[in-house]
Structure formats: C-alpha cells, structure tokens
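Below you'll find the structure, written out as structure tokens, and then a few comments.
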Amino acid sequence: MSFRIASWNINSVRARIGIVERLLREQAPDVLCLQETKCEDALFPHASFAAMGYPHVYPAGQRMHHGVAIVSKVALTPNNRFDWQDNGEARHVGVRLPNGVLLENVYVPAGGDIPDRTVNPKFGQKLDFLGRMTRWSEGLREPSIVLGDFNIAPLPEDVWDHKALLDVVSHTPVEVETLAALQSSHGWADLGRLFVPPPARLYTWWSYRAADWAASNRGRRLDHVWCSPEVRGSARAVTTLVAARGWEKPSDHVPLIADFDF
DNA sequence: ATGGTGGAGCGTCCA
C-alpha cells in the first residue's frame with residue numbers, strides 16, 4: 001500500500017482553487033494539507049473538494065489571514081487545534097490517519113522583516129511559537145508526522161545564497177537554532193533532506209517580487225515534512241513540485257508530496 | 001538603494 005500526503009501553502013484557497021484541483025487531478029494525494037487558506041471555515045470551498053473526490057475537510061481558518069486545512073479522500077479523526085502562537089491565530093490543525101499515525105499541519109508565523117524581537121514583536125512570536133511546539137514535541141508519545149510551512153530554511157543549501165541571507169528572517173542563526181531544538185526534541189526526521197541530501201539545493205518557495213523566478217532561482221526551502229522515528233522506515237519518497245511555481249496565477253510556495261508505505 | 005508582487009477587502013495588514 002502507498003499513502004500519499006501533500007502539503008501546500010496555497011496563499012488563498014479560494015483565489016487558487018483551480019490550481020488546487022490541478023494538483024489533486026495530477027498527483028492524487030490521499031490527504032492534502034493546506035496553509036494560508038485565508039478564509040473562515042464557513043467560506044471554505046467544500047463543494048470543489050467534494051467534486052474532486054475529497055469530501056472530508058478539517059478546516060481551521062479565520063477571516064482574511066493565515067488559516068490551515070486538511071482535506072482527504074477518506075474520513076479522518078479530528079484530533080486537535082493547537083494555539084502555539086498563543087493569540088488565537090489559525091495556524092494548526094491535527095488529525096489521526098486511518099492507520100493511527102497523527103498528522104499535524106502547521107503554519108509557523110513568518111516573523112516580520114527585522115530579526116530582532118526587541119524592535120519587531122513578530123520575530124519574538126515566531127521563536128516563541130517554535131518554543132511551544134518544542135514543549136509539545138517533548139511530550140509526544142505517538143507515531144506522528146508534522147508538516148507545513150515552517151517559514152525557516154535551516155541548511156545553507158536550503159537558500160540561494162547562505163551568506164546573503166544570514167540577516168534575512170527565515171535563515172538567521174537564531175531561527176535555525178530554534179528549529180534545530182524542535183527537531184532534536186523528538187528525533188524528527190527531515191524527510192525532504194532524507195531523500196535529497198546536501199549539497200543538493202532544494203527550495204519550496206520563490207518570491208513574487210522577482211521579475212523571473214525561474215531565471216534568478218532565488219529560492220528558499222521553507223516547507224517541510226518531518227516524521228517521528230517510528231514512521232521514518234515507512235517513508236518512500238518526497239517530491240517538491242517545482243513546476244507548480246510556473247502554473248497560472250501560482251502560489252509563491254510549491255507543493256511537497258510525501259509517499260509512505262502504509 | 002529599502003524596492004519589487006499578491007490576496008483580502010476597502011484601511012492597511014500580512015506575507
């Protein structure tokens with residue numbers, strides 16, 4: 001058996017329902033985890049997903065900003081909605097898969113522009129979010145997958161220019177250290193890098209502000225799929241669907257697709 | 001040099 005889980009920061013699920021349908025048609029994941037849905041739950045386009053064979057929707061949205069959702073071919077068990085931001089923002093939804101594995105869909109805050117919590121509270125919130133995730137992770141006792149937009153590119157090979165981005169939020173040493181503490185708190189396996197180890201470059205995001213994203217290729221690996229030690233042996237492949245950055249009216253993130261043998 | 005783009009929804013905020 002093969003179980004396919006996709007993760008995608010969609011930057012408005014309503015504005016981009018067309019390319020969501022394209023992903024479902026072409027990649028046929030069993031489960032799709034979305035971030036930045038940008039709509040409250042009552043406005044989530046359930047009918048579009050049902051028509052594509054995904055009638056099971058577990059949204060955690062809010063008006064205008066942020067928002068996550070899990071959609072699925074088969075029924076899942078709602079499990080939790082953590083507020084790791086501690087301010088009510090919709091940035092997490094968790095379910096239990098049919099095989100019992102927990103799936104946690106996370107949208108880590110971007111953190112603003114200035115990497116200093118004394119002048120930019122959003123940067124502190126980002127680090128504190130990861131701190132709360134770490135305390136959750138330390139107490140976790142069940143096989144789990146945690147994935148989504150982590151808004152941090154941890155490795156030098158996860159950005160187009162390591163030195164140029166050391167002071168840029170998403171690649172600063174304190175963010176990388178904080179993410180490493182989260183990863184080591186439960187022995188999380190970084191599946192993206194399990195299948196595409198350094199020194200290969202690997203990106204999941206390209207800014208809208210480039211004249212030609214493909215030509216300049218100034219990408220960052222902000223999206224991640226991690227699994228707990230019990231699940232690692234079931235992982236078969238992880239794909240970053242780079243071509244989706246060139247689809248019509250694209251998201252600035254591309255889908256991550258993980259295949260498991262369960 | 002402090003840009004550049006995009007979505008939500010009508011001010012700017014968020015990314």
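Because only heavy atoms are used, hydrogens play no part in the values below, and waters and symmetry mates are left out as well, while side chains stay in. In what follows, chains are A, B, ... by sequence order, proteins preceding strands, each numbered from 1.
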Given protein heavy atoms under 4.0 Å, the one-letter contact record of nucleotides 8-15 of chain B, with B base, S sugar-phosphate only and - none, is simply SSS--BSB

By side chain to side chain contact (heavy atoms under 4.5 Å, CB included), A:R14 pairs with (sequence neighbours left out) A:S12, A:C39, A:L43, A:P45

message = Pairing donors with acceptors under 3.5 angstrom, does anything connect the side chains of A:Q35 and A:N105?
response = yes

Strictly by modelled atom types, are A:S228 and A:E230 linked by a side-chain donor-acceptor pair under 3.5 Å? yes

Centroid-centroid under 6.0 Å between A:F150 and A:Y107 rings = no

- In whole angstrom, what separates A:L34's CG from B:dG7's C1'?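 About 15 Å, once rounded to whole Å.
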
When you measure from the centre of the six-membered ring of A:W160, is the NZ or CZ of A:R218 under 6.0 Å away and within 45° of the axis?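 Yes, a cation-pi geometry holds between A:R218 and A:W160.
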
Same-atom distance ([atom1]) from [N] to [M], integer angstrom:
N: B:dC14; M: B:dC10; atom1: C1'; answer: 15 Å
N: B:dG6; M: B:dA1; atom1: P; answer: 27 Å
N: B:dG9; M: B:dA15; atom1: P; answer: 15 Å

Is it the case that more than 12 heavy atoms not belonging to A:R117 sit under 6.0 Å from its CZ atom?
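Yes, the 6.0 Å shell around CZ holds more than 12 heavy atoms from other groups.
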
